[in-house]
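Here's the structure we're looking at; comments come further down.
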Amino acid sequence: MALRDELNLCAPRLCRYARALVTGHPGPSEIADDLVHAVLLRAWEAGTTLRLDGHDLDLHLYTLLTEWHRERLAAGRMGGKAHMENENFHAGGPHAAGNLPFPASPRDKFAAALLALALQEREALLLIVLERFSYAQAARILKISRTVLVMRLARARAALSEIPAPKTPACPAKARPSYLRVVK
Amino acid sequence: MRGHGPPVSEAELHGLVDGDMDSGRREAVQAYLAASPRDAARVETWRRQNATIRAAFAPVETGPVPWSLPLAPGAEGAAATRQAAGGQAEASGSHMWRGRWFARIGLSFASGALLAASAAYLAGRANAPEAAPPSSEGPSPAGLNDTYVTRALSALWAFVPPPAVVRHSPKSDGPGQDMAAPILPTLSVEGLSLAGVRAMPGGQGQMLCLIYARPDATNIALCVEKAGDPGDSVPRVSGSFPSSMIAWRQKGANYALTGALPEPELRALADAARAEVAAFDGW
């Protein structure tokens, strides 16, 4: 399979992981989607030299995404923005933020519960549960031992306890008009 | 934790939930859980957690993924600026995200191939003018010179999906204001979707290229410019796959169709475009 096709297959899953990691909810996130886009581009650019495919490519993409997410958090460039996105999500959007107190919906509680986890625990939980990596693969992505991985997983599960199930709003596919784009 | 055989570890309980344990130990762990309601309840809680998390994010994998700008230095700032300006360019929820990303990849790939092949093609013509290109059916039509070929190809090389949607405004003085004469066919062929328009200097004024995306992520460009010479010409194929191009002159305009397509497909598209131009009767 061509690298392009493999990346094509990985993109939605990477997006899912990134959104869960960054915002804790499945809705669109500029930061998460930017991360995915950057990782895919990097993988594409480096594809011919790295010569990765299959599981190796998969692990490489998740490793990149996880590391870049950490780096951006550490650099403090994303913290404010992520918080803003999250705050907007909880408050129902930028215009609603700061106006009236919103009752926390199950969706809010779900995201809050995920984001309340320590980052390392969240990474471990999402790689295993959401992305269904084996313990060995997840440990490789996180560059830790299997024992440490299970410890983080156990802490995440203990902290989550009974995570409230979010009610995913029905989003009927809406046909969008196509606009002519002028390339400058 | 003790069951049948070696003690059951906490890690094995997690392994049972996540399907990551030796098959030989599965029965022992399950037997242990049968005798330990407290741990069985924990395991059930973890299973519910797993199901909840997976269900919550299931729509992401199958649903539309919004387009995002490339993560480049200053991308955050640019995005913030667009948001502050109430920009609607993000088109959240648009189905274009994957299409754009792979159009970009496809074009990156095609660029290299087209550049190399067309350079070889042009170099070959310069060094051996009497030698016909591999799949050429004859000399180029009058007015369709190598410069035009190169410009048409470069429309595809240089095309990068724009970060923002720019809509035509009736009041704007955009490119193409003086392009009333050449007819630009819409090429309404099934499977093709218009990805963008590129305007660039041409030999007789401005050349416009419509970039179309195909379902297989390959892209084609249909370019048109005013012709310097009158009269129509039959379509001629230049170059060879993946940098083949088919060009013709029709109704006072030069047309070129290029992309990484086999010649029969390229010809079929050219025929469709020619038919649309021929059928166009003004207003």
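In the text below, chain A, chain B and the rest are named by the order of the sequence lines, each starting its count at 1.
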Query raised in the report: Looking at residues at least two apart in the chain, or sitting in another chain, which of them share a salt bridge (Lys or Arg N to Asp or Glu O under 4.0 Å) with B:Arg26?
Result: none
Query raised in the report: For chain A, which residues from residues 14-22 of chain B have at least one heavy atom closer than 4.5 Å to it?
Result: B:His14, B:Gly15, B:Val17, B:Asp18, B:Asp20
**Report entry** Non-hydrogen side-chain atoms of A:Phe110 and B:Ile53 separated by less than 4.5 Å
**Finding:** yes
Query raised in the report: Residues of residues 140-149 of chain A under 4.5 Å from chain B (heavy atom pairs)?
Result: A:Arg146
Query raised in the report: Is there a donor in the side chain of B:Asn50 and an acceptor in the side chain of A:Arg132, or the other way round, less than 3.5 Å apart?
Result: no
Report task. Compare every heavy atom of B:Phe57 with every heavy atom of A:Pro26, then report the nearest pair and how far apart it is. Result -> N-CE2, 3.5 Å
Query raised in the report: Do any N or O atoms from the side chain of B:Arg54 and from the backbone of A:Val129 form a donor-acceptor pair under 3.5 angstrom?
Result: yes
Query - Region of A:Leu14 in contact with chain B, defined by heavy-atom distances below 4.5 Å - result: neither
Query - All side-chain contact (heavy atoms from CB on, under 4.5 Å) counterparts of B:Leu192, not counting sequence neighbours - result: B:Leu187, B:Val189, B:Tyr212, B:Arg214, B:Ile220, B:Leu269
